[in-house]
**Q** 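Here's a structure for you.
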Amino acid sequence: MDELQQLIDILPIIAPVIVIQLILMLVALVSLIRADDTNGPKWLWAILILFFSLIGPILYFIVGRRQS
Amino acid sequence: MQWMTVFSKELLEDWRSYKWIWVPLVFILLCIMDPLSSYYLPQILEAVGGLPDGTVIEMPETLPEEALMMSLAQLSMIGVMIIAAITMGVIAGERKSGVAELVLVKPIPYLTYITAKWAAKLLLIFSSYLLGMLASWYYVNLLFGEISFLKFMGVFFFYFIWLAFVTTLSVFYNTTVKVPGLVISYTLLTLIVMSVLYKIFAHIMPWFPNSISTHLMRFVMENNIPGELWGAAGITAVLSVILLVLSNYVFKTKEMAD
């Protein structure tokens, strides 16, 4: 019970961080799906974006997106 | 006005390449990550476990000022790398793909072209940095203790001069080479050399651009702006202007030569 209470106390403070990470991930995925072509295979980028929060999307936007 | 045309075209392009979404989000995360995780470190250690029962973890109390400076520490590493990455192709990329030739066929002064693009990138970086620092300020006030608005503004303003310098440096290298990968290498290399130089000669160069964060630490702790901070900020701002003028000159001669 004590740990649950602790979690409930922390949640409002941590929630924005999780939400921002989720938005970042979603935007990266939308961009990936809509992109005609990427540097490197698309499925690999999808894995990176999904499983490496923060680093995955950043790397995708900087390296993966092909300037058209 | 031509300047506004180039400026808004650049803003539109940054919007289409999602930069106006991801850069602010990443800056917010960078700025709040360290204050948050250092605040919750005891809980994190407890949750991870592995400590014998009854272990008392003594954490040195973090002052609100120190927590705010943690955000700057993150920005000075990853933030600067992101700035270098999003600006590496601002002119070099267009020259490589030939768009620059298309634009510059029209009688647009080189200085207009360079400063409009520079300003557009600076606006993106300024907005992201503002959002990140506001988020950090909010969390620091909530978790560690109060930091006055004036102090926050001081930190924000002085550190932005450093970030603006990094942006200008990258724009400058954009005019010297056409390959974005080379631009980012030159930018980061210059910054590394500068920080090594500062580490060695700190005692005789109190106004060196890299000293801004050192002086900022003194400013937040002692609550008055040291003269060296004004000096370093002034030097950094002047250097940025010189770099912009140089960019114009280099770009002119390079483009003519091509």
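Labels below follow one simple rule: chain letters A, B, ... track the order of the sequence lines, proteins then strands, and each chain is numbered from 1.
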**Q** At a 4.5 Å cut-off on heavy atoms, which part of B:L25 comes close to chain A: side chain, backbone, both, or neither?
**A**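 When you check distances to chain A, atoms from both the backbone and side chain of B:L25 fall under 4.5 Å.
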**Q** Hey, are the side chains of B:Y173 and B:I184 touching, using non-hydrogen atoms and a 4.5 Å cut-off?
**A**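 No, their side chains stay 4.5 Å or more apart.
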**Q** Check whether any side-chain heavy atom of B:V90 sits under 4.5 Å from a side-chain heavy atom of B:E10, and report yes or no.
**A**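 In short, these two side chains touch, coming nearer than 4.5 Å.
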**Q** Evaluate the ring planes of B:Y39 and B:F144, with Trp represented by its six-membered ring, and classify them as parallel (under 30°), tilted (30 to 60°) or perpendicular (over 60°).
**A**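 Perpendicular.
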**Q** Aromatic contact between B:F126 and B:F156, with the criterion being ring centroids under 6.0 Å apart: yes or no?
**A**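 Yes - the distance between ring centres of B:F126 and B:F156 falls below the 6.0 Å cut-off.
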**Q** Which one, A:L54, A:I10, A:V63, leads in non-hydrogen pairs under 4.5 Å with chain B?
**A**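 Max contact count across the listed options: A:I10.
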**Q** Please state whether the side chain, the backbone, both or neither of A:L24 comes within less than 4.5 Å of a heavy atom of chain B.
**A**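 Contact with chain B is through both the backbone and side chain of A:L24.
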**Q** Identify whether the distance between the nearest side-chain nitrogen and carboxylate oxygen of B:E13 and B:K19 falls below 4.0 Å.
**A**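 Result for this pair is no, no salt bridge flagged.
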**Q** For B:I78, is it the side chain, the backbone, both, or neither that has a heavy atom closer than 4.5 Å to a heavy atom of chain A?
**A**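 Neither; nothing under 4.5 Å.
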**Q** B:L30 versus chain A, heavy atoms under 4.5 Å apart: side chain, backbone, both or neither?
**A**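 Interface part for B:L30: neither.
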**Q** Please determine, among A:I58, A:I13, A:I14, the option with the most heavy-atom pairs under 4.5 Å with chain B.
**A**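 Looking at each option in turn, the highest pair count goes to A:I13.
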